[in-house]
Structure formats: C-alpha cells, structure tokens
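For reference, the structure is listed below as structure tokens.
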Amino acid sequence: MALGHLFVTIFLVSLTCAEYLPVVLWHGMGDTCCYPFSMGRIKRLIEEQLPGIYVYSVMVGDSVEEDERAGFIGNVNDQLKEVYDKINSDSKLLGGFNAIGFSQVLFLSPLIQEFSRIQRVANSFGVMSNIITIPLSKT
C-alpha cells in the first residue's frame, strides 16, 4: 500500500491548485467502490487530507456485490453509460472534477472524452501507471 499512498499524495498535492474540485474514483478489477481496506480507505485518505472535498467512488450496479462482479463480467458500454448517467445526475460534479483510476484506464479514457469538465486525471496500476495529466480542451 506504500506505493498507493505515494501516488495519492502526489495527486493530492496537484489538487491544491485546483481549489478542491471533487474527485471521482474508479476502482480496478476485483475491487469495489466501497471496501474499507481499499477504495474506501483511499476515499477517506483524500477526505482527511482535504477537509470538505467531495469524493465520488464509482459503483457499477446497485450493490457492492454487483460492483465487484461488473469488474469481470458485463457489457462495458452499458457500464460506461451507467457511470455517465450517475456523474451527470450528481449536482456536486457539474462544476468540474478530477478523476483517479486504478488499473481501469480504458474506462477513464471514454470519461475524458465525454466530460470536458474533468480537470486532472491520474491512473495507477494500469497501462499508463502513475501518469498525472491535464486533459486537453475539446475546442
């Protein structure tokens, strides 16, 4: 978990200049939005380091069990649409947000294309591990 802490710390430092925009977390395969020892811990770490920040941890489906299963089985296009709809319906994310992905960089890429309001993207443990980037404008 030391690498994870280092990665999140680097990302959090880069957030200080973004005035605590909300953060969207997307877990990798075999994990869920809410396990207290994994993504739940990362969510709490961000909230402790940046008091008052809003952190949305992506859940695919209607339960933790469905979320974990969706990491292995399911139609990715349907899952992406579900996540788009959840993000679009969350009023706290309408003004922009930062995104952190854990191994599922292929899921973050369509999010970047869909949401011009993403300010920063960081990915860990995936194809583009430990890359922190600022998406280009769609204009």
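This chain uses plain numbering: 1 for the first residue, then up along the sequence. In this text, all values refer to a predicted model and were calculated from it rather than measured experimentally.
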Shortest non-hydrogen separation from [X] to [Y] and the atoms involved:
| X | Y | result |
| --- | --- | --- |
| Ile53 | Tyr20 | CG1-O, 4.0 Å |
| His27 | Val58 | CD2-O, 3.6 Å |
| Ser38 | Asp31 | OG-OD1, 2.7 Å |
| Leu21 | Gly95 | CD2-O, 4.3 Å |

Do [X] side-chain atoms and [Y] backbone N/O form a donor-acceptor pair below 3.5 Å?
| X | Y | result |
| --- | --- | --- |
| Asp67 | Gly61 | no |
| Gln79 | Val60 | no |
| Asn98 | Val23 | no |

Who pairs with Tyr54 by ring pair (Phe, Tyr, Trp, His ring centres under 6.0 Å), at least two apart in sequence or on another chain?
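Ring pair (Phe, Tyr, Trp, His ring centres under 6.0 Å) check on Tyr54 returns nothing, list empty.
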Determine which pairs satisfy salt bridge (Lys or Arg N to Asp or Glu O under 4.0 Å) with at least one residue from residues 42-61, sequence neighbours left out, and list them in order.
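Output for this query lists Lys43-Glu47.
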Hey, does Cys33 have a side-chain heavy atom less than 4.5 Å from the side chain of Met39?
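In short, these two side chains do not touch, never coming nearer than 4.5 Å.
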With a 4.5 Å limit on heavy-atom distance, are the side chains of Val55 and Leu25 in contact?
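Yes - at least one pair of side-chain heavy atoms lies under 4.5 Å apart.
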To the nearest 0.5 Å, what is the distance between SG on Cys34 and CE on Met59?
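If I round to the nearest 0.5 Å, the distance is 4.0 Å.
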Separation of Ile46 CD1 from Arg41 CZ (nearest 0.5 Å):
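These two atoms lie 12.0 Å from each other.
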Please enumerate all residues that pass salt bridge (charged side-chain N to carboxylate O under 4.0 Å, His left out) together with Glu68, with sequence neighbours excluded.
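Here no residue qualifies.
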Salt-bridged, Lys86 to Asp90, with N to O below 4.0 Å?
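Not counted as a salt bridge, because no side-chain N and carboxylate O are separated by less than 4.0 Å.
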Using the side chain to side chain contact (heavy atoms under 4.5 Å, CB included) criterion, which residues pair with Glu66? Sequence neighbours excluded.
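Glu66: side chain to side chain contact (heavy atoms under 4.5 Å, CB included) contacts with Asp62, Ser63, Arg69.
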